[in-house]
Asks: 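Just passing along the structure, written as structure tokens.
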Amino acid sequence: MHYLADGLRLPTNGLDYAILAIYFAVVLGIGFAARRSVKTSLDFFLSGRSLPAWVTGLAFVAANLGATEILGMAATGAQYGVAVVHWYWIGAIPAMVFLGLVMMPFYYGSKVRSVPEFLLQRFDKSAHLLSSVLFAFASILIAGVNLYALSIVVEALLGWPQWVSIVVAGFFVLAYITIGGLSSAIYNEVLQFFVILAALIPLTILGLKRVGGWDGLSESLTGQHGGNFLTAWGGTGIGDPNPLGANWLTIVLGLGFVLSFGYWTTNFAEVQRALSARNLSAAKRTPLIAAFPKIFIVFIVMIPGLVAAVLVPKIGTAGSDLTYNDAIPLLMQELLPNGVLGIAVTGLLAAFMAGMAANVSSFNTVFTADIWAKYVVKGREDTYYLKFGRLITAIGVVASIGTAFLAASFSNIMGYLQTLFSFFNVPMFVVFIIGMFWKRASMKSGVWGLVAGTTAAMVNYFVIYKQGVIDIPSDQGANFVSAIVGFVAGAVVMVLVTLFTAPKPEAELAGLVYGTKSPGMEELPEEADQVWYRKPALLGWGAIVLAAACYVPYSF
């Protein structure tokens with residue numbers, strides 16, 4: 001267990017606590033306000049498919065901008081340097097654009113309530129059940145990461161034991177999701193998005209001021225870690241050493257394609273926000289709207305990590321009692337005055353609640369609609385599943401408390417998350433992508449692709465990497481390789497199984513395979529006006545151009 005360093009306590013006062021109390025009151029108020037709109041299970045799990053694109057777009061990015069990303073990406077910046085930009089400009093933007101332009105028409109047009117339900121329509125019950133179980137398990141593990149991240153912050157704030165902070169904040173998340181369902185979670189995520197920005201922007205500005213601006217930061221880090229620490233591509237030639245421990249091929253294929261597309265296109269915690277949009281046009285725009293702030297958020301999570309590496313050169317090393325995860329709390333203690341400190345702490349708690357709520361709300365949907373209603377208790381009235389959804393939400397929060405202790409064994413929680421994504425999201429992505437673009441892919445190929453991809457990724461990480469069969473310089477490098485191995489294994493097995501098993505009847509593939517159209521797609525309402533920001537293709541290409549413009553210099 002990596003506890004926060006004993007001396008790292010935040011000098012909070014009454015003003016800071018007042019800001020925190022106001023925030024929690026508003027959060028619960030939103031939950032009670034949303035309760036009035038929850039009358040059916042569709043309202044509870046997908047907001048009745050009624051939300052506008054700007055709301056779902058901000059919720060989409062906020063659901064990802066959880067405490068795990070803030071603490072984890074700052075930790076990654078302190079550990080690996082500027083290479084952290086790969087997780088945004090290569091590892092997020094292209095996949096978000098692909099989700100909006102290519103995959104949302106399949107998801108929304110098929111009227112599924114979850115990502116695993118799409119596999120039921122495209123393949124068979126075995127693929128559906130396995131993907132549902134894997135996703136539910138992964139959601140609880142990731143929710144546990146958020147709980148552990150929260151415990152770090154609250155320990156710094158109040159000095160409370162970790163279990164106390166977990167229980168208190170878990171209660172608030174449980175309360176507003178159980179009361180107001182997904183609508184409550186989404187509207188709170190919109191609020192949390194702006195609170196998070198209000199917390200991180202002052203921290204970034206004051207951090208740069210403390211180390212003498214970007215020039216002073218660059219000079220210090222170059223002297224401590226070498227020139228490659230401040231470049232994204234420096235030293236990434238095959239066989240060359242670099243802080244990340246990965247070469248350009250594993251970065252582009254492992255992170256940029258397999259891990260990135262696997263996460264953003266099949267992770268229901270994200271896709272669920274787009275599925276709650278009021279129509280197909282709004283659903284397609286949701287990830288495209290989210291892509292714009294995602295381009296720039298990297299700077300307010302990366303720079304604090306770099307500043308922490310200057311202020312505490314031994315952070316994360318054997319000679320220091322500070323882990324990389326402590327970078328953000330360290331800067332809060334060092335830099336922020338009271339009042340601003342209260343906003344920062346509130347922002348981190350908001351980030352925790354956004355990430356936690358995203359995973360809990362997706363867990364309760366998948367467990368209720370894809371496991372319980374289809375395989376355990378079938379054919380009951382809608383009110384039964386609404387009540388069960390609220391019950392399983394409470395169970396999910398309790399279960400995630402146990403998984404928080406797994407996250408505590410990793411000094412960099414973002415490394416832990418990438419490991420989980422390579423195990424669970426990548427195999428699901430290969431099944432999706434082959435199923436969507438290859439009509440011949442058989443019904444049985446889906447489940448065997450999932451099994452092969454998950455198994456191969458785990459074998460690569462736990463046997464080939466951990467046992468030293470092949471020397472991979474870092475955990476992150478191993479995650480990239482595991483993702484590639486899982487993708488290739490899943491694809492090969494799907495092709496082989498397809499050669500020996502029956503395909504799905506072509507009449508049942510309408511709207512599920514690229515080039516076909518769902519019978520109900522033409523009936524979906526579209527926006528009447530066609531101003532520029534309502535054109536998904538234009539938004540998508542705009543996001544790509546902006547990402548490319550940011551990426552060209554890349555070495556600062």
Side-chain angles (χ1 to χ4, degrees), residues 76 80 83 86-87 90-92 94-95 98 115 119 123 127 130-131 133-135 137-138 141-142 236-242 244-267 406 410 412 414-438 441 444-499:
T76 302
Y80 299 119
H86 289 309
W87 274 268
I90 281 186
F98 182 83
V115 169
L119 292 184
F123 294 100
L130 179 58
S131 64
V133 171
L134 288 176
F135 181 82
F137 181 62
L141 288 175
I142 296 170
T236 58
I238 296 177
D240 294 340
N242 64 80
L244 189 58
N247 59 56
W248 66 268
L249 185 62
T250 56
I251 291 172
V252 172
L253 292 182
L255 175 62
F257 176 61
V258 182
L259 272 173
S260 169
F261 279 69
Y263 174 81
W264 289 103
T265 64
T266 67
N267 184 32
L406 288 175
F410 285 71
N412 184 338
M414 188 50 64
Y416 173 60
L417 279 178
Q418 297 294 321
T419 303
L420 294 180
F421 294 154
S422 69
F423 293 168
F424 299 113
N425 290 90
V426 167
M428 198 174 294
F429 170 62
V430 68
V431 172
F432 263 84
I433 206 69
I434 290 180
M436 278 186 171
F437 289 93
W438 189 28
K444 292 299 179 185
S445 67
V447 65
W448 289 111
L450 285 172
V451 171
T454 302
T455 302
M458 288 183 172
V459 167
N460 179 79
Y461 188 84
F462 290 115
V463 178
I464 296 177
Y465 168 57
K466 286 295 187 181
Q467 302 302 318
V469 177
I470 294 178
D471 183 25
I472 303 176
S474 69
D475 286 348
Q476 292 288 12
N479 291 334
F480 298 162
V481 175
S482 295
I484 295 172
V485 169
F487 183 90
V488 172
V492 169
V493 168
M494 284 190 72
V495 171
L496 292 176
V497 171
T498 294
L499 296 178

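Please read these numbers as outputs of a predicted model, since none were measured by experiment.
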Asks: Output all residues satisfying ring pair (Phe, Tyr, Trp, His ring centres under 6.0 Å) with Phe98, sequence neighbours left out; order by chain, then residue number.
Replies: Phe261

Asks: Closest approach of Met494 and Val431, non-hydrogen atoms and distance?
Replies: SD-CA, 3.6 Å

Asks: Among residues at least two apart in sequence or on other chains, which ones pass side-chain contact (heavy atoms from CB on, under 4.5 Å) with Val459?
Replies: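 Testing Val459 for side-chain contact (heavy atoms from CB on, under 4.5 Å), a comparison that skips the adjacent residues, returns Thr455, Val463.
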
Asks: Tell me the closest heavy-atom pair linking Thr266 and Phe429, and the distance in Å.
Replies: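 That would be CG2-CA, 3.7 Å.
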
Asks: Quick one: list whatever passes ring pair (Phe, Tyr, Trp, His ring centres under 6.0 Å) with Phe135, sequence neighbours left out.
Replies: none

Asks: Parallel, tilted or perpendicular: which fits the ring planes of Tyr80 and Trp87, with parallel below 30° and perpendicular above 60°?
Replies: parallel

Asks: Which heavy atom of Val493 sits nearest to which heavy atom of Trp448, and what is that distance?
Replies: CG1-O, 3.6 Å

Asks: Which heavy-atom pair separates Phe423 from Thr454 by the least distance, and what is that distance?
Replies: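 In terms of heavy atoms, the two residues are closest at O-OG1, 3.3 Å.
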
Asks: I'd like to check the side-chain contact (heavy atoms from CB on, under 4.5 Å) partners of Ala92; sequence neighbours left out, ordered by chain and number.
Replies: Met96, Trp264, Lys294

Asks: Does the side chain of Asn479 reach to within under 4.5 Å of the side chain of Tyr461, using non-hydrogen atoms?
Replies: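 Asn479 vs Tyr461: side chains touch.
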
Asks: Can you name the closest pair of heavy atoms from Phe487 and Val426 and give their distance?
Replies: N-CG1, 3.7 Å

Asks: Please report the shortest heavy-atom distance between Asn460 and Val485, naming the atom on each side.
Replies: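 Scanning both residues completely, I find the closest heavy atoms to be OD1-CG2, 4.1 Å.
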
Asks: For Ala441, check side-chain contact (heavy atoms from CB on, under 4.5 Å) against everything at least two apart and list the hits.
Replies: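 By the side-chain contact (heavy atoms from CB on, under 4.5 Å) rule, Ala441 matches Arg122, Phe123, Ile434, Trp438, Ser445, Thr498.
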
Asks: Could you tell me the separation between the CG atom of Leu130 and the CE atom of Met428, rounded to the nearest 0.5 Å?
Replies: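 Taking CG in Leu130 and CE in Met428, the distance rounds to 8.0 Å.
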
Asks: Can you check whether Ile90 reaches Ser260 side chain to side chain, under 4.5 Å on heavy atoms?
Replies: no

Asks: For Ser422, give me all partners under side-chain contact (heavy atoms from CB on, under 4.5 Å), at least two apart in sequence or on another chain.
Replies: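 Here the qualifying residues are Leu259, Ser482, Ala483.
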
